[in-house]
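Single-structure report; data block below.
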There are 2 protein chains.
Amino acid sequence: MADDAQGDESRPAVADPVRQRNLSFVMRRLHTQGPLTRSELTSASGLNRSTMLGMVAELQDLELVIEDAAVADGTAGRPSPLVRPHPDILALTVNPDVAGVTCALVGLNGRVVARELVPVDHKVTPDEVGTITGAFVASMAKELPASTRLAGVGIAAPGLVDERDNSVALAPYLEWEDVPLAELIEQATGLPATMANDTSVGVVAESLFGIGVGCDNLLYLNGSTSGVGGGVISDGSLIRGAHGLGTELGHVLLNRNGKHCVCGRVGCLETEVNIRRVWDILGRRVGLNELDHVYANESTPELDADLDDQADALAAGIASLACVFSPELVVLGGHVGALLDARRERIEAEVKRQSFGPLSTGVRLERNHLRERMVPIGAAELAFARVLQQPSFATLTPLADVAGRAA
Amino acid sequence: MADDAQGDESRPAVADPVRQRNLSFVMRRLHTQGPLTRSELTSASGLNRSTMLGMVAELQDLELVIEDAAVADGTAGRPSPLVRPHPDILALTVNPDVAGVTCALVGLNGRVVARELVPVDHKVTPDEVGTITGAFVASMAKELPASTRLAGVGIAAPGLVDERDNSVALAPYLEWEDVPLAELIEQATGLPATMANDTSVGVVAESLFGIGVGCDNLLYLNGSTSGVGGGVISDGSLIRGAHGLGTELGHVLLNRNGKHCVCGRVGCLETEVNIRRVWDILGRRVGLNELDHVYANESTPELDADLDDQADALAAGIASLACVFSPELVVLGGHVGALLDARRERIEAEVKRQSFGPLSTGVRLERNHLRERMVPIGAAELAFARVLQQPSFATLTPLADVAGRAA
DNA sequence: CTAGGTTTGTTGCGTCGCCAAGCATACCCA
DNA sequence: TGGGTATGCTTGGCGACGCAACAAACCTAG
């Protein structure tokens, strides 16, 4: 965009033009907070009424928002028309995982329009992901209105994602290595595709639309069959790390003299907080949906002791991570979330005991709120980024065109 | 500034006016990169030549920069005048610590004009800090030209700093608690004072002017007599944590079954990487300046074994932190820096061995470059923030005025 | 030493985006 | 039904930037 050689300091305004900035403000606000009156947008932005008039008109022309007739709300003064994100704008999201491929269509403001998990009984291949995605789009094109337009594709992958070229660097549980999945999906759909780690997009979703709303510093830990992952929102934005490789919070150290971890190291958090150990004790695999029920109703000395151990290990991990980030809020998902509900007092007490001074004494622990909508909503964020950042230059593709191409 | 109720999304341009943004770009560029020609500024900013002409003129009127006559540099074309940050603009920095109080005057572009450590043989009190600062300013006023102007005071404190009210929440080694030091210094000098943790400002300095130049993701670990501290630059900016309390990297967990730490917890990094253990083995206190010499020249089985242990512990800590941040660069200072030079191969091998996949295999380890200039330069950044962010509204106070008031 | 090429400084003008002011409109309440 | 109030809408002005044209200062080549 700019011919700026070194991309360090905040760019001058010309590379990030004033108008786009302000249109972006309006779109973001509508996206995160839902329908707002023009008057609310005006006071939130600090801009002049007349300026907001022009901006909303421009966004209407772009078919990015719709303005409803003003409705009296009981207060004095002329009512202000309600501006809402255009309901026809959707993002396609794709999330391959060990259980299969989840595709979804997500609207602005975190609205999940459709969501479908296609189970796959083997390690899914990239080509199969493309086929499943195409079929999903085709079936959706029949159900949804012809006015539906897609902003792009957001792909969430369970593994290390290289954000420079939108490829999967390494996804051990899919047995993928250096897979240019975004490119494949782009060719199949004709839409721009962006990829990120599944947990990373999840934490973004939770911070925008879930329990993390209004919280600028939060830590997320997710327990899945494949281990413990996580992500961090610091000062309102996601920690990406050096190569956009993201974070691997499941592999922080708990014990240098501990057990061997699948990652080849020793004493990682995920070796001590592990759903497989629970399965071994129970003698059966328990899905995440049943887990709350099991933790609440089944009790054997062995299970109780193990959950106590896992709770202590989790607390130790949280306390250690709190030294590094000092979050206001720690969000727990997957089996770690279930563990929180089963052992909340123990975990809270232990985190408090192991806190470093004021850093983590006040930390709140919560389960994630979005549950199965978390990853689709987060992945959609990737696709919406263009529309939200440069509304005037967003290119939206009719769903029918995408379906036609995929067929 | 703005009447914006919720301070989330990026503000609209009016709250961050275009002109200030661009003037800020120029000032920041000159600050971090030193003198530049107007033509270089033009192409770096992407702005028009005529615009840059006007901006540099405005900054000259504000006496924030000076423009030297153009000098031919051997290339074709009309030579461009050299723009440099005004040498008369200085920041006053104050850094109380166990050894005493260090005051300094620092110019833009990381130039340390004067630096003085006043030793104090007891725990220094806030009032003493004020007195020492006043005396320093008075003596400087005699030495420096009358044209010298101060941008403000930057205070670096060894402990938890509450950035909301610029007070020291807790500084165990000074035995301070809830000390409004910035307010005290403001009253003594009449200058605006800002405070932050000493290690936090240090890592900012190192990332702007030291080994971290050009690196957006770096981790800093500093070993001092009082323990191990650290800071993180992620995506180019400092991780501040929930209440601006900063990070306590010395207290990440190495071993849940390890030794007790002074912080009341167990198995922290700083219990296993500790200069006091070296002193015990040597039978004497060794200052940081001598440490390199000692590590290079003294060798007993006991010392060698202990340094090996400390190297391994440090490597484990780095590998664990790398899972959380995936830094490109890890910078080591204080006794941890000396340890790096003494055991570089061992540490690098161990970090590599304990790396999680691609996350930390490529990580570089380096000693800090700025050494004793690190904290003053970083603290000055706090004072320069106003000048760099809103150049037109910066208020600079003649040094003589400050000295007069302090007297 | 001079002419042509190149890069940058400088000036004047046009455009874009915002704000302020004033009037119009639509609500509430008495 | 009229006053109070908040917002919509329109017009005019201003600040900041880009563009284009010309001037100035350097280099190189002959």
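Keep in mind it's a predicted model, so treat the numbers as computed, not measured. Order of the sequence lines sets the chain letters (A, B, ...), proteins ahead of strands, with each chain counted from 1.
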Just how far, in rounded Å, is C1' of C/dT8 from CG of B/Leu36?
-> 16 Å
Shortest non-hydrogen pair, A/Val113 vs A/Gly107, comes out as CG2-N, 4.3 Å
Does the side chain of B/Arg38 pick up a donor-acceptor pair with the side chain of B/Thr42 at under 3.5 Å?
-> no
Side-chain polar contacts of residues 52-63 of chain A - donor-acceptor pairs under 3.5 angstrom, sequence neighbours left out - could you list them?
unit_1  : atom_1 : unit_2   : atom_2 : d
A/Glu58 : OE1    : A/Arg19  : NE     : 3.0
A/Glu58 : OE1    : A/Arg19  : NH2    : 2.9
A/Glu58 : OE2    : A/Ser392 : OG     : 3.4

Hey, is the side chain of B/Arg38 poking within less than 4.0 Å of OP1 or OP2 on C/dG9, counting only N and O atoms?
-> yes
Distance check: side-chain N/O of B/Asn22 vs OP1/OP2 of D/dC17, anything under 4.0 Å?
-> yes
Report yes if the side chains of B/Ile66 and B/Val83 come closer than 4.5 Å at any heavy-atom pair, otherwise no.
-> no
In Å, rounded to the nearest 0.5 Å, how long is the span from OG1 of A/Thr93 to CZ of A/Arg373?
-> 12.5 Å
Spacing of A/Asn217 atom CG and B/Ile239 atom CD1 [to the nearest 0.5 Å] = 8.5 Å
Which residues in residues 56-68 of chain B have at least one heavy atom lying under 4.0 Å from any atom of DNA chain C?
-> none
From CZ of B/Arg19 across to P of C/dG17 the rounded distance in Å is 18 Å
Please assess A/Arg28 against A/Thr32 for the test side-chain hydrogen bond (donor to acceptor under 3.5 Å, both in side chains), listing each intermediate value before the final yes or no.
-> CA-CA 6 Å; A/Arg28 282 217 143 79; A/Thr32 54; over 6 Å; no
Residues two or more places apart in sequence or in another chain: which of them pass ring pair (Phe, Tyr, Trp, His ring centres under 6.0 Å) with B/His31?
-> B/Phe209, B/Phe384
Walk me through it: do B/Arg386 and B/Thr194 pass the test side-chain hydrogen bond (donor to acceptor under 3.5 Å, both in side chains)?
-> CA-CA 11 Å; B/Arg386 292 173 201 80; B/Thr194 313; 3.2 Å; yes
Atom CD of A/Gln20 and atom P of C/dG17: how far apart are they, to the nearest Å?
-> 9 Å
Integer-rounded Å distance: C/dG17 P and B/Arg21 CZ = 16 Å
Determine, for nucleotides 25-30 of chain C in 5'-to-3' order, which nucleotides have protein heavy atoms under 4.0 Å from the base (write B), from only the sugar-phosphate (write S), or from neither (write -).
-> BBBS--
Starting from P on C/dG9, measure out to CG on B/Leu82 and report it in whole angstrom.
-> 12 Å
Do any pairs count as a salt bridge (charged side-chain N to carboxylate O under 4.0 Å, His left out) and have a residue in residues 70-93 of chain B, sequence neighbours left out, and if so which ones?
-> B/Asp68-B/Arg84
Under a 4.0 Å heavy-atom cut-off, which of residues 48-55 of chain B touch DNA chain C?
-> B/Arg49, B/Ser50, B/Leu53
Distance from A/His86 atom NE2 to A/Thr148 atom OG1, nearest 0.5 Å?
-> 10.0 Å
